[in-house]
Amino acid sequence: MRRAALVWAGAALVLAAVAVGSARPEGATDGADGAVDDIGRLPMPDLRGRGLWRVFTALDARTRLDVHDAAGADRRVLWPLNWRVCTQYPPPGTARHPGGRLVVGVLKKGEPCPARVAAARR
């Protein structure tokens, strides 16, 4: 029982370290040109086609990330390394707020984006 508690405590510390390490200080640049608008907001990067784990590590720790299955099968994402982003809202290039919300539609790696989703993402 003590060993299980130590393993869970270690896992919690690792997750906390990853969350702190992925947070960016205020004013950090992101995107191709690193442009920041006059209020200090950064543009939303294009996340489509990226692995879901990269999305988790690229965002500010305060950003709320909502993930759903783009195929409409209502599958749950248990292992982010096996999924990639097919859709995103807000779209790339719009101003993002540090504590804002991002909605991504994901599919398992190797699955093509459905035709209705591929047409809508352009």
Side-chain angles (χ1 to χ4, degrees):
M1 178 126 160
R2 287 180 96 188
R3 184 174 184 174
L6 287 174
V7 169
W8 282 108
L13 287 173
V14 168
L15 288 175
V18 168
V20 169
S22 65
R24 293 194 182 109
E26 193 65 36
T29 59
D30 189 60
D33 60 355
V36 177
D37 68 0
D38 55 351
I39 302 175
R41 295 178 297 191
L42 298 169
M44 179 63 69
D46 189 4
L47 303 171
R48 296 171 299 183
R50 282 184 165 182
L52 184 57
W53 183 253
R54 288 193 149 191
V55 173
F56 281 128
T57 58
L59 295 175
D60 188 305
R62 296 173 287 175
T63 302
R64 178 178 173 193
L65 182 63
D66 293 336
V67 180
H68 70 275
D69 184 9
D74 200 28
R75 297 176 289 186
R76 301 205 186 269
V77 177
L78 298 176
W79 191 251
L81 295 172
N82 292 338
W83 297 78
R84 67 179 175 86
V85 176
C86 192
T87 63
Q88 81 177 62
Y89 180 82
T94 59
R96 71 178 162 150
H97 303 280
R101 178 180 177 193
L102 174 64
V103 179
V104 294
V106 296
L107 291 171
K108 286 198 170 194
K109 289 185 177 178
E111 294 179 349
C113 286
R116 63 180 170 77
V117 174
R121 61 183 252 184
R122 291 192 179 122

Atom of Leu47, atom of Val85 and distance for their closest heavy-atom approach:
O-CB, 3.4 Å
Taking every heavy atom of Pro92 against every heavy atom of Asp46, the minimum-distance pair comes out as CG-OD1, 3.5 Å
Not counting sequence neighbours, list each pair that qualifies as a salt bridge (charged side-chain N to carboxylate O under 4.0 Å, His left out) and has a residue in residues 102-111.
Arg75-Glu111
Rounded to the nearest 0.5 Å, how far apart are [atom1] of [X] and [atom2] of [Y]?
X: Leu102; Y: Asp60; atom1: CG; atom2: CG; answer: 12.0 Å
X: Cys86; Y: Asp69; atom1: SG; atom2: CG; answer: 10.0 Å
X: Arg84; Y: Cys113; atom1: CZ; atom2: SG; answer: 4.5 Å
X: Thr87; Y: His68; atom1: OG1; atom2: NE2; answer: 4.5 Å
X: Leu81; Y: Phe56; atom1: CG; atom2: CZ; answer: 10.0 Å

In the single-linkage hydrophobic clustering (I, L, V, M, F, W, Y; side-chain heavy atoms under 4.5 Å), do [X] and [Y] co-cluster?
X: Val67; Y: Leu78; value: no
X: Val104; Y: Trp83; value: yes
X: Trp53; Y: Leu65; value: yes

Heavy-atom side-chain proximity of Arg96 to Leu59 below 4.5 angstrom
yes
Not counting sequence neighbours, which residues clear salt bridge (Lys or Arg N to Asp or Glu O under 4.0 Å) with Arg64? List them please.
Asp66
With Asn82 via side chain to side chain donor-acceptor pair (under 3.5 Å) - residues at least two apart
none
